[in-house]
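To keep things clear, I will list the structure first and then write my remarks on it.
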Amino acid sequence: MAGPEEARVPLPQLRLDELLEELQARLDAARGTRDRVHSLLEAVLSVGRELDLEQALRGIVEAAAVLVDAEYAALGVIGPDGRSLSAFHTVGIDEEQITRIGPFPEGHGILGELIRHPEPLRLAKISEHPASYGFPAHHPPMNTFLGVPIRVREQIFGNLYLTEKRGGAQFDEEDVSVTLTLAVAAGVAIDNARLYEESRLRERWLRANAEVTHRLMSGAGRGEVLGLIAERAKEITSAALAAVAVPAGDTGALAVEIAVGTDSEAHRGLVLPMDKSLMGLAFSSAAPVTSADVRQDERISPEPPRFSGLGPAVAVPIGTGESGARGVVLLARRTCRPVFTPTETETLQAFAAQAAIAMELAERRQDAQEVAVLKDRDRIARDLHDLAIQRLFATGMTLQSAGRFIEHGEAAERVARAVDDLDETIKIIRSTIFGLRTRDGTAEAGLRARATRVVGEAAPVLGFAPGVRMEGLLDTDVPKDIADQVVAVLAEALTNIARHARASRAEVVLTADGQSVRLSITDNGVGIAPGGRRSGLRNMSERAEHLGGELELGIPEGGGTALVWRVPLAGL
């Protein structure tokens, strides 16, 4: 039997084992705290190094999930209204699951609770909170929850949401403390990333403005410039669709002239009302108009369907102020993409305003060049009229006077032909003068207006005003080279009536049917004398044949002359 001394030996040994176990536990806890602090520092440094905003947000979510050992994590960005989420970045759910679940949350339930009350929120079971109303179909089960706000310059930027701590454990106060520390670092990183992104965006907008201005000043056409505006705006804002609409004449509507990106064919060529489209509202109000979801927006006509797969959109007028809007640019992003922020809208508006100024400057420059050309044409026309025609006319008069003294028949005939040739030369020069004084590239230079002006100028010489009738798309269907020939033939025909027909009435009919242009001129004069001079008619016929057409002559009822000059438009 053992003595008392032997019985007391195990007691100190047991106490020592307990102390050693407690020491080991404390060492493990200290090591765990050290490792966690080390992980927190690494996470802060990693988040702070990232300057791309999207990547920074992604890195914050991943770091938060690792620090508190959460299976799922998300960062919700609060929208401009301050009541809903405009973007949602997740970790733990793959793309296939996201597709099955459907659209990202907008900020209701527990997520909305944290938006309304931006304070740390820790729950043992999500479903037991009064604000919870369940998950959508195909959503993974979630119980434990930890949420903390992220502040950027004292403004709530968004919230960190963490669920399902691994191992079935609950989120504790230490998890809250670590996550709050990460949220502070995240706020600084987000602020830096946003500032960097804004500076890069400004730089890209400035480059785009410079490119637009250069194209305009280099003489590029309006369509090319509008296309460049759409392309650059789409590229810089990461939009899926960009469209540019301009006023459709005096119809009170907009015509979509340029469209690039998703469903561009469905937009190009559309005529949009002012009150049933984002573009129309932006144009009429001369201010940007935004939409969180262009497919569900009641301000937009559902027909024709043209926004499949698109969500957030913004329409910005191109130019405002005294000159008014010159058009509208529309940008739309894909569904589930962030809405256009006020900052993005302001920079887009500034870009559109600068583009409008550049367009106006280019137009003024073009006007100045046209004025210079017109002045030069006027000078040439004046010189031809005052010098060349007068000298030719004087020469003709001299020859006619001299012809009376020529006894030799053949010589007299040659002098008479020379006088006729001078007469034809004078007519050609007059036609050239008319062409020089016609201003190209304006509404007044359209075939309809030009023909009306020729008839008006001929009235004093004829002694009466001819009847005029015009039909068809004369200003759009008839190319300029054919229109020039029509005007020349009309002027020559009316001159012939004034000089030779001795008519008291004439009628001009000009029509275009998309296939050909037809000029008909009838008078009640003496008609074309047999064996008379036909050089003018020969010129008209040659003009028609050169364009693949023909000249027909006839006698209308009651006498006189009927001239029909017709050339085809197809293939030109």
Nearest-0.5 Å distance that lies between atom CZ in R337 and atom OG1 in T237: 10.0 Å

Partner of I150 under side chain to side chain contact (heavy atoms under 4.5 Å, CB included), chosen from L180, L75, L182: L75

Heavy atoms of other groups near R166 CZ, more than 12 under 6.0 Å: yes

Validation row, ring centre H267 to ring centre F307 under 6.0 Å: yes

Flag, side chain of R333 to backbone of G311, donor-acceptor distance under 3.5 Å: no

Interatomic distance, E174 atom CD to T179 atom OG1 [nearest 0.5 angstrom]: 10.0 Å

L447 side, atom CG; K480 side, atom NZ - distance, nearest 0.5 Å: 11.5 Å

side-chain hydrogen bond (donor to acceptor under 3.5 Å, both in side chains) involving Q296 - partner list, sequence neighbours excluded: none

Straight-line distance of T163 OG1 to E71 CD, nearest 0.5 Å: 7.5 Å

side-chain hydrogen bond (donor to acceptor under 3.5 Å, both in side chains) partners of E203, counting only residues at least two apart: R207

Exam field: side chain R204 to backbone S199, donor-acceptor pair closer than 3.5 Å: no

Under 3.5 Å: donor-acceptor pair, side chain of R153, backbone of D191: no

Residues K165 and D175 bridged, charged N to O under 4.0 Å: yes

Within 6.0 Å of CZ in R100, more than 12 heavy atoms from elsewhere: yes

Partner residues of T335 under the side-chain hydrogen bond (donor to acceptor under 3.5 Å, both in side chains) criterion, sequence neighbours left out: none

